[in-house]
Amino acid sequence: MSDELRRNLALFPIGIVQKLTELTPRQIRYYEQHELIKPTRTEGNQRLFSFNDVERLLEIKKLIDQGINMAGVKKMLGETEKFSELPVTEEAKQEAQKVKELTDQELHDLLKQELMLGRHGMSSSLIRGELSRFFH
DNA sequence: ATTCTTACA
DNA sequence: TGTAAGTA
């Protein structure tokens, strides 16, 4: 499986994402309403987030912690295009089950690895400092 | 036990 | 944003 595909696999429920990002479910759903993230849904309408979603949520959190509002966050991260638009395959379900059995420490380590492997370079670094002044 | 939507202090 | 209510 390609990395791109793996990072877009929708596999964790909101509870896991809450631990991974330190954000409340309330905030996570709120950001979804503003289309900053687009998690998929299970048959039972439960949200399933991918590593890319978690990644974006962490970027959002960084901005929010700096006092930037939704309008500002949207301008910087842009509206989510087509993240997490992958079907809920059997493989995804199995991986989701594994994720649920991990300890908090293992989850953080997993996320850390995933984020370091990820193709980055812009979003996280350009965020700090001067830019936060353009909004409020 | 978890998550979902809606609505209001 | 937090939280209570009523579900799925």
Side-chain angles (χ1 to χ4, degrees):
Chain A
M1 180 186 338
S2 75
D3 256 32
E4 173 64 21
L5 208 68
R6 194 166 51 76
R7 276 198 288 278
N8 278 306
L9 268 185
L11 32 77
F12 4 68
I14 200 165
I16 299 296
V17 177
Q18 172 178 27
K19 292 179 180 176
L20 253 29
T21 65
E22 303 292 325
L23 290 168
T24 65
R26 179 73 170 84
Q27 291 177 298
I28 297 172
R29 295 180 183 121
Y30 180 66
Y31 303 147
E32 177 189 22
Q33 287 193 299
H34 285 261
E35 298 183 271
L36 275 58
I37 52 173
K38 284 189 165 71
T40 60
R41 298 300 184 110
T42 63
E43 291 177 39
N45 198 42
Q46 309 264 103
R47 269 169 271 249
L48 284 183
F49 304 80
S50 69
F51 276 110
N52 276 331
D53 291 324
V54 174
E55 194 178 313
R56 284 184 66 86
L57 283 171
L58 288 174
E59 301 295 343
I60 295 168
K61 189 196 175 193
K62 226 180 285 185
L63 296 174
I64 295 298
D65 286 348
Q66 292 178 189
I68 296 172
N69 58 40
M70 277 305 106
V73 175
K74 283 183 181 178
K75 287 181 181 176
M76 298 185 71
L77 298 184
E79 316 250 319
T80 300
E81 290 300 316
K82 57 173 186 176
F83 282 148
S84 298
E85 288 303 335
L86 273 63
V88 182
T89 64
E90 280 308 309
E91 178 179 21
K93 288 181 181 178
Q94 286 175 31
E95 295 207 41
Q97 182 54 52
K98 288 181 184 176
V99 170
K100 290 176 187 170
E101 298 166 356
L102 299 176
T103 65
D104 289 6
Q105 181 58 56
E106 292 172 323
L107 276 176
H108 282 288
D109 290 344
L110 178 62
L111 175 65
K112 192 175 184 180
Q113 290 179 50
E114 212 59 44
L115 259 38
M116 294 194 293
L117 251 54
R119 43 81 179 75
H120 293 307
M122 82 136 245
S123 35
S124 58
S125 54
L126 102 202
I127 289 167
R128 185 167 261 93
E130 302 301 284
L131 288 177
S132 60
R133 290 189 312 161
F134 294 127
F135 315 100
H136 260 46

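We use all heavy atoms of the structure for the numbers below, so side chains are in, but hydrogens, waters and symmetry mates are not. Residue numbers begin at 1 in each chain, while the letters A, B, ... track the order of the sequences.
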Under 4.0 Å, heavy atoms only, any strand: does Ile28(A) hit a base, just the sugar-phosphate, or nothing?
nothing
Which part of the nucleic acid does Arg29(A) contact within heavy-atom distance under 4.0 Å: base, sugar-phosphate only, or nothing?
base
Within the structure provided, determine whether [X] and [Y] are in side-chain contact (heavy-atom separation under 4.5 Å).
X        : Y        : value
Arg56(A) : Asn52(A) : no
Leu23(A) : Tyr31(A) : yes
Glu59(A) : Leu36(A) : no
Ile28(A) : Ile37(A) : yes

Report, one pair per line, the protein and nucleotides 3-8 of chain C atoms (nitrogen or oxygen only) whose separation is under 3.5 Å.
unit_1, atom_1, unit_2, atom_2, d
dT3(C), O4, Arg26(A), NE, 3.2

Nucleotide interval of DNA chain B bounded by contacts with chain A (heavy-atom cut-off, under 4.0 Å):
dT3(B) to dT5(B)
Inter- and intrachain pairs under salt bridge (Lys or Arg N to Asp or Glu O under 4.0 Å), touching residues 11-33 of chain A, at least two apart
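Qualifying pairs, neighbours excluded: Lys19(A)-Asp104(A), Glu32(A)-Arg41(A), Glu32(A)-Arg47(A).
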Once ring-ring contact (aromatic ring centres under 6.0 Å, His included) is applied, what residue pairs with a partner in residues 10-30 of chain A remain, sequence neighbours excluded?
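Listed by first then second residue: Phe12(A)-Phe51(A), Tyr30(A)-His34(A).
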Partner set under side chain to side chain donor-acceptor pair (under 3.5 Å) for [X], not counting sequence neighbours:
X         : result
Gln46(A)  : none
Gln33(A)  : none
Glu101(A) : Gln97(A)

Test side-chain contact (heavy atoms from CB on, under 4.5 Å) applied to Leu58(A) and Lys62(A), step by step:
CA-CA 6 Å; Leu58(A) 288 174; Lys62(A) 226 180 285 185; 5.8 Å; no
Does any residue of residues 11-25 of chain A have a heavy atom under 4.0 Å from DNA chain C, and if so, which ones, in number order?
Thr24(A)
Heavy atom of residues 100-107 of chain A under 4.0 Å from DNA chain C: which residues?
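Those residues whose heavy atoms fall under 4.0 Å from DNA chain C, taken from residues 100-107 of chain A, amount to none.
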What is the minimum heavy-atom distance between [X] and [Y], and which atoms define it?
X        : Y        : result
Pro13(A) : Leu11(A) : CD-O, 3.9 Å
Ile68(A) : Met76(A) : CD1-SD, 4.2 Å
Val17(A) : Leu57(A) : CG1-CD1, 3.5 Å

Residues passing the side-chain contact (heavy atoms from CB on, under 4.5 Å) test with Glu43(A), sequence neighbours excluded, are Lys93(A)
Both distances under 3.5 Å, Watson-Crick or G-U wobble: on that basis, could you give the dot-bracket string for DNA chain B, with [ ] for crossing pairs and | for other-strand partners?
.|.|||||.
Test your reading of the model: is there a side-chain donor-acceptor pair from Asp53(A) to the backbone of Ser50(A), 3.5 Å cut-off?
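It does hold such a pair.
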